[in-house]
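Presented below is the structure to which this report refers.
In listed order, ligands and their atoms are each counted from 1.
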Amino acid sequence: MLFPNDNNSGIMRVGLMGGTFDPIHMGHLVTAEEARQQFDLDYVIFVPTGSPPHKDHDSISLPEHRYLMTSLAVMSNPSFFVSSFEINAKAPTYTIDTVRHFCCGEQGSPELYFITGADAILEIFTWKEYEELLRLCTFIAVSRPGYSLELFRQTLDSNCPEMQQKVHLLEIPALAVSSTFIRERVALGKTIKYLTPEPVEQYIKNHGLYLVGK
Ligand code: NAP
């Protein structure tokens, strides 16, 4: 995957936006844009999960659907890209593999920022090679309104104090929308207009996704 290198300082700052994206929604897009601006990122690459080792695969939409919906959603932003790295992997993928893939590319070693939900990041000490992950990238833990940032810090302190320096918290009011909320609305026949970009809404309709609540 090649990206234009228009950063005069030499070292690119790249956000990796990890998640299931089932489906992607406005909250994810607002998050990526906010992270791009606050952390002065050159690009944000969305990385939909393939076969996450920690999930029941029957309850998640096919990787192809999630990849295509994500691609449709980011189309209009020249700073956003989508990677099929995890989707195409034959075996279950771990974040360490993804980070290694992006940190040692053809265009040198970018500074990596892994962006995902705060709850997922709280579990990082259970992830494969998490100490190496902490060495290779910085984490942006995204929280929804009502999420206790105090509790997040305390939990991190007691489980993984070495992470304090490598984790930034980002509160995103637009994350009041969630993928679960969208799936439930579709299953109930309710509108999802303005909760996700229109091409994604159309894709969900055309492929009959989420008609049965999960
Ligand atoms: P998930 O099931 O998609 O999401 C968990 C929670 O975080 C949901 O509330 C979700 O909200 C929110 N979220 C997910 N991605 C987000 C994002 N990019 N920005 C803001 N909020 C987000 O994801 P997950 O299975 O916990 O995994 C999250 C990431 O961590 C993935 O990239 C996954 O590969 C990685 N991970 C790695 C390991 C490992 O390497 N061992 C283990 C666990 C997770 P929505 O439902 O609205 O998206």
Side-chain angles (χ1 to χ4, degrees), residues 14-36 38-39 41 44-57 59-61 63 65-67 69-70 73-74 80-89 91-102 112-134 136-137 139-148 152 159-160 163 167-186 192 195-197 200 209-210 214:
V14 173
L16 295 178
M17 179 85 171
T20 312
F21 304 127
D22 193 20
I24 189 161
H25 53 68
M26 290 306 193
H28 296 129
L29 296 168
V30 171
T31 298
E33 181 61 8
E34 187 63 26
R36 187 193 64 74
Q38 277 198 32
F39 294 86
L41 306 177
V44 177
I45 305 172
F46 288 67
V47 189
T49 55
S51 307
H54 58 295
K55 287 248 165 108
D56 163 18
H57 300 160
S59 64
I60 311 176
S61 301
H65 285 316
R66 295 183 288 103
Y67 175 79
M69 287 190 284
T70 307
V74 307
F80 289 178
F81 295 86
V82 185
S83 166
S84 58
F85 178 73
E86 293 194 5
I87 295 281
N88 286 340
T93 49
Y94 297 90
T95 300
I96 185 70
D97 307 320
T98 307
V99 165
R100 282 204 177 108
H101 172 76
F102 284 102
L112 293 181
Y113 291 76
F114 192 82
I115 311 161
T116 198
D119 280 338
I121 287 183
L122 274 185
E123 308 259 295
I124 196 173
F125 57 95
T126 66
W127 295 11
K128 187 180 165 196
E129 293 184 51
Y130 82 90
E131 282 156 330
E132 180 64 0
L133 255 184
L134 289 176
L136 292 176
C137 67
F139 286 83
I140 302 177
V142 185
S143 70
R144 303 202 134 88
Y147 190 86
S148 167
F152 179 88
N159 288 306
C160 203
M163 276 194 72
V167 178
H168 299 274
L169 266 168
L170 193 59
E171 196 173 9
I172 302 288
L175 260 190
V177 179
S178 73
S179 299
T180 308
F181 180 64
I182 292 184
R183 293 195 302 270
E184 285 171 358
R185 286 186 69 87
V186 174
I192 55 166
L195 298 175
T196 188
V200 177
L209 301 184
Y210 315 127
K214 282 177 186 168

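- In this structure, the separation between CZ on Phe39 and CD on Glu34 is 9.0 Å, given to the nearest 0.5 Å.
- At a heavy-atom cutoff of 4.0 Å, ligand 1 is contacted by the side chain of Leu175 but not by its backbone.
- Side chain of Arg66 to backbone of Pro48: no donor-acceptor contact under 3.5 angstrom is found.
- By the 3.5 Å distance cut-off applied to N or O atoms, Ser178 is not counted among the residues near ligand 1.
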Inset, instruction - Could you go through the salt bridge (charged side-chain N to carboxylate O under 4.0 Å, His left out) check for Arg100 and Glu129 one step at a time? - result: CA-CA 11 Å; Arg100 282 204 177 108; Glu129 293 184 51; 2.6 Å; yes
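- By the 30° and 60° cut-offs, the orientation of the rings of Phe85 relative to His101 is parallel.
- Under a 4.0 Å criterion applied to the non-hydrogen atoms of Ala120, ligand 1 contributes the atoms 26 (O), 28 (C).
- The shortest N or O to N or O distance between Gly18 and ligand 1 is below 3.5 Å.
- Using modelled atom types and a 3.5 Å distance limit, the side chains of Asp22 and Ser179 yield no donor-acceptor pair.
- Of the candidates Thr49, Thr126, Thr31, the one placing a heavy atom closest to atom 34 (O) of ligand 1 is Thr49.
- Applying the 4.0 Å criterion to heavy atoms of Thr20 picks out, from ligand 1, the atoms 1 (P), 2 (O), 3 (O), 23 (O).
- Below 3.5 Å of separation, one finds an N or O of Arg144 facing an N or O of ligand 1.
- Looking at Thr180 next to ligand 1, no N or O pair under 3.5 Å apart turns up.
- Against a heavy-atom cut-off of under 4.0 Å, Ile115 is close to the following atoms of ligand 1: 18 (N).
- In this structure, of Pro23, Gly117, Gly50, the residue bringing a heavy atom nearest to atom 16 (C) of ligand 1 is Gly117.
- Note that the CG atom of Leu209 and the CD1 atom of Ile182 stand 12.0 Å from one another [nearest 0.5 Å].
- Each of the atoms 17 (C), 18 (N), 19 (N) of ligand 1 lies under 4.0 Å from some heavy atom of Met17.
- In terms of polar-atom proximity, defined here as any N/O pair under 3.5 Å, His28 does make such a contact with ligand 1.
- In this structure, Thr116 counts as a contact residue of ligand 1, since one of its heavy atoms falls inside 4.0 Å of the ligand.
- Considering backbone and side-chain N/O atoms, Thr93 never comes within less than 3.5 Å of an N/O atom of ligand 1.
- For Tyr130, the side chain to side chain donor-acceptor pair (under 3.5 Å) partners are Glu162, not counting sequence neighbours.
- The proximity of Tyr130 to ligand 1, defined as any non-hydrogen pair under 4.0 Å, does not occur for either the backbone or the side chain.
- Between the side chains of Thr93 and Asp97, no donor-acceptor pair is found at a separation under 3.5 Å.
- You'll find the ring centres of Phe46 and Phe80 inside the 6.0 Å limit.
- At least one heavy atom of Phe114 sits less than 4.0 Å from an atom of ligand 1.
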Only pairs under 3.5 Å count here: list side-chain donor-acceptor contacts from residues 117-127, not counting sequence neighbours, and write none if there are none.
{"unit_1": "Asp119", "atom_1": "OD1", "unit_2": "Tyr147", "atom_2": "OH", "d": "3.0"}
{"unit_1": "Thr126", "atom_1": "OG1", "unit_2": "Glu123", "atom_2": "O", "d": "2.6"}

